[in-house]
Amino acid sequence: MEEKRDVLFGKTLKQLEEVVKKLGLPRFTAAQIADWLYKKEVTSIEEMSNLSRDARGKLAARFDVGLSGPAKVQVSVDGTKKYLFRALNGKFIETAYIPERKRHTLCVSSQVGCKMGCLFCFTAKQGFQGNLSAGEILNQIRSLPESDLLTNIVYMGMGEPFDNLDGVMQSLEILTADFGFAMSPKRITVSTIGIVPAMKVFLEQSTCHLAVSLHSPFEEERRRLMPIEHVYSLNDVLEAIRSFPLGKQRRISFEYIVFKDLNHSPKHVKELARILNGIRCRINLLRFHPVPGTPLNAPDEETLVTFKTALESKGLVTTIRKSRGQDIYAACGLLSTKEQQPG
Amino acid sequence: MKALKQSTIISNLETAPGAYVLSFPRSFAFVPGQVIGIAMKPDEKPRLYSIASGNQEALVRILYTVKPGGKLTPGLARLQAGDVIYTSEPFGGFICGAEKAVWVATGTGIAPFASMFYSGLSVNKVLIHGNRFASGLYFLDDFLQVMGNRYVPSCTREAVEGIYHGRVLKYLSELEQLDPLVKYYLCGSAEMVVDVRDLLIERGVPFENVVAEIFF
Ligand SMILES: Cc1cc2nc3c(=O)[nH]c(=O)nc-3n(C[C@H](O)[C@H](O)[C@H](O)COP(=O)(O)OP(=O)(O)OC[C@H]3O[C@@H](n4cnc5c(N)ncnc54)[C@H](O)[C@@H]3O)c2cc1C
Ligand code: SF4
């Protein structure tokens, strides 16, 4: 039987050192490979020209670089692009590129589908097919035609990043390390619904920003929206954040999707002010965009503005996130694939 | 999570192909529906399991299936009486009181309902449990004896007399009426929870009445 070929892209320097050791190559070859993969952006082993012919031959016998371009792109009238990359079992993952004047944000997926079952999310309806490897996460960044323009990366696409902690942490290491993309952790945000044990590992081992999906300050209400509340309550999430020294650089934000007539009353404002008291944070309000079959509705602009003003009057720094790419279902933070197969 | 506590296994028996019931002495109070973390070493990242026993029983029972290639369950299945495991305090809020409700589970998702059942909370309840094979209808005899026709066993891969043949989703969709005023508790895989929740909402049950726990 033919041995399954491994890929180099997505390996840490330490893992590359193990690779070269196994192949009987000098240790410094690992740093050279990392340089080719993450800085010089080659797509084949043959292009790694400062490696000996022997080294390239040995590598090519076992490994591929492991990059693959998007299978399809949809472009919104506002310039947002939704790329589909091929994943497991004939499924696709989505990556949203959101250009603004100075900021070019990429919203990456961390899993194929998702297991978390949030009521408002279309990804939840697609079931779960598997975790993305670090290489597959990073491929969404590297193989993007606009890769060189990117200023910010957000892990807010398909999947719950902390349900794939190993793949996500490895991808963050490569994004921020000197041997890798050498990107500032201040330009990277990982968004979670609050899987507490994994979130603690992230807070301890990474310095990237954290975004927590809040959506309701009331336990009962949040449970109906997000089953995770039964296992790790918002209270546990906030306690974990409070107990962690965040320093001045690190930003915590709370994502709050506003649903019509559900989670924007004065009672919500009061409770949000109470539970977030003492946490240096920002609240990002997102307008809900209904997904097929959902019992939830979209609020109007006035509701959003009134809610924002009320939160600010309580001293909570609040922004309304502009909806982008609605026409192509690329609403970041609840990336929704209208179609699963590229047509 | 606080430090894990050592517990000595009383039994760890295969109850159906690939499914085990593990028991150890109860040293804590819990609310039926809660989970505990289990690890084989004190410093290992625990996996979560719903308690499947009653809150007054002397032993805690856990129902689990072996995931081939999994980090914990293949090793867990090899443990025997007298071996030790490491467990967390119970936690979680998937809790149901004495009010009328419908419980829907697939696979090991029956565990929290078994705990509620063995804690005397099954009066007023309908329990719908599905699995691939009839052997995976854990605790069937006990449920049948106490709940009679308020217990609906179902399986998808074999036709067995007295057992509904098909998915729980199909069973629910064939019911003429679904009471929109009672709460529906769902537990099991994400796929089942999402599909059943969608069906219930489509059939007029307000989403506030759907309470779900996912074994992710
Ligand atoms: C609230 C809650 C309650 C639960 N209650 C129960 C219960 O009562 N009974 C029960 O049996 N289970 C329960 N679970 C599930 C349980 O926590 C474990 O996830 C399960 O037992 C598998 O553990 P494992 O370590 O053996 O497998 P894991 O190591 O988690 O692997 C599971 C499967 O995924 C595959 N896999 C592992 N890593 C990867 C990867 N990186 N990419 C792709 N695939 C991968 C494995 O090959 C395996 O098939 C519950 C979960 C939750 C969240
Ligand atoms: S909102 Fe995020 S965590 Fe929730 S189901 Fe969708 S992808 Fe998963």
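Residue numbers begin at 1 in each chain, while the letters A, B, ... track the order of the sequences. Keep in mind that the numbers below use all heavy atoms, side chains included, and drop hydrogens, waters and symmetry copies.
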Flag if over 12 foreign heavy atoms under 6.0 Å of CD, B/Gln177: no
Close side-chain approach of B/Phe94 to A/Val231, heavy-atom, < 4.5 Å: no
May I ask you to name which of B/Lys45, B/Glu191, B/Glu202, B/Arg197 has the most heavy-atom pairs under 4.5 Å with chain A? B/Arg197
Please look at A/Leu262 and chain B and tell me whether the side chain, the backbone, both or neither of the residue comes under 4.5 angstrom of a heavy atom of that chain. side chain
Do you know the tightest heavy-atom contact between A/Arg224 and B/Glu208? NE-O, 2.6 Å
Got more than 12 heavy atoms from elsewhere within 6.0 Å of CZ, B/Arg132? no
Where do B/Ala212 and A/Pro227 come nearest, in terms of heavy atoms and distance? O-CB, 3.5 Å
Residue B/Arg167 excluded, over 12 heavy atoms near CZ under 6.0 Å: no
Is any side-chain heavy atom of B/Val210 closer than 4.5 Å to a side-chain heavy atom of A/Leu119? no
Would you say the side chain of B/Val35 lies within less than 4.5 Å of the side chain of A/His230, judging by non-hydrogen atoms? no
Mark yes when over 12 heavy atoms from residues, nucleotides or ligands other than B/Lys41 sit less than 6.0 Å from its NZ; otherwise mark no. no
Any chance you could measure A/Thr294, atom OG1, to B/Phe207, atom CZ, to the nearest 0.5 Å? 8.0 Å
Could you check which of B/Gly93, B/Gly92, B/Ser189, B/Pro206 has the highest count of heavy-atom pairs closer than 4.5 Å to chain A? B/Gly93
For B/Phe216 and A/Met116 the tightest heavy-atom approach is CG-CE, 3.5 Å
Mark yes when over 12 heavy atoms from residues, nucleotides or ligands other than B/Glu57 sit less than 6.0 Å from its CD; otherwise mark no. yes
Quick check: closest heavy atoms across B/Ala190 and A/Lys115, and the distance to 0.1 Å? CB-O, 3.3 Å
